[in-house]
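Below is one structure, written out as structure tokens; the observations come after it.
Note that these values count all heavy atoms, side chains included, but never hydrogens, waters or copies made by symmetry. As the structure is a computational prediction, the values presented were derived from the model and not from experiment.
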Amino acid sequence: PVAHARVWLPRDAVQNYSKAIDENVDDETYNAVLYCNRAACHFALGDYLLCLADCCTSASLDPTYPRVYHRRADAYQALGDYSNAYNDMIILHDSVYSQHYGELASAWLNLQTYIHPSTN
């Protein structure tokens with residue numbers, strides 16, 4: 001038997017995400033993810049202003065959702081707005097760094113023991 005690959009159709013996905021958004025679920029985090037995912041579809045279609053609009057809505061609903069800053073930076077970059085793209089990457093860096101500082105510090109220290117083993 002031949003396995004059939006699933007084909008991602010961004011126009012169809014935009015419609016499906018729009019329907020989900022229109023249901024007005026009372027969960028800002030959930031809605032932020034829906035807007036951010038629809039933004040990805042707009043980006044794939046080359047609709048960078050629509051992508052940017054959905055990213056801004058997503059960020060306003062859940063400013064702690066890191067993926068939106070990366071996606072919005074991509075949209076800004078595609079539109080030639082490098083200053084705002086850079087600003088969003090700084091927000092993303094600071095967000096991820098602060099959320100995972102303990103893990104990163106521990107991993108860094110562990111890595112240092114392999115790079116610079118003690119010579120005792």
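With rounding to the nearest 0.5 Å, the separation of CD1 in Ile21 from OH in Tyr30 is 9.0 Å. Interatomic distance, SG of Cys55 versus OH of Tyr48, reported as 13.0 Å (0.5 Å rounding). Atom-to-atom distance recorded for Ser60:OG and Glu28:CD is 8.0 Å, nearest 0.5 angstrom. The distance from atom SG of Cys51 to atom CG of Asp47, rounded to the nearest 0.5 Å, is 9.0 Å. Note that CZ of Arg72 and CE of Met89 are 12.0 Å apart. Values are rounded to the nearest 0.5 Å. With values rounded to the nearest 0.5 angstrom, Tyr35 atom OH is found 7.0 Å from Leu61 atom CG.
Tyr65 and Leu34 fall into different hydrophobic clusters, where Ile, Leu, Val, Met, Phe, Trp and Tyr residues are linked whenever their side-chain heavy atoms come under 4.5 Å apart, directly or through other members. A continuous path of ILVMFWY side-chain contacts below 4.5 Å connects Tyr76 to Leu49, so both sit in one hydrophobic cluster. Using a 4.5 Å cut-off between side-chain heavy atoms of Ile, Leu, Val, Met, Phe, Trp and Tyr, with links allowed through other members, Val33 and Val25 fall into different hydrophobic clusters. By the criterion of side-chain heavy atoms lying less than 4.5 angstrom apart, applied directly or through intervening Ile, Leu, Val, Met, Phe, Trp or Tyr residues, Val68 is not grouped with Leu52; the two fall into different hydrophobic clusters.
A donor-acceptor pair is defined here as one N or O able to donate and one able to accept, closer than 3.5 Å; such a pair exists between the side chain of Arg71 and the backbone of Cys36. Side chain of Tyr69 to backbone of Thr64: no donor-acceptor contact under 3.5 angstrom is found.
Within the structure, the salt bridge (Lys or Arg N to Asp or Glu O under 4.0 Å) test picks out the following pairs touching residues 52-62 (sequence neighbours left out): Arg38-Asp54.
Counting all heavy atoms, side chain and backbone alike, Cys41 lies closest to Pro10 at CB-O, 3.8 Å.
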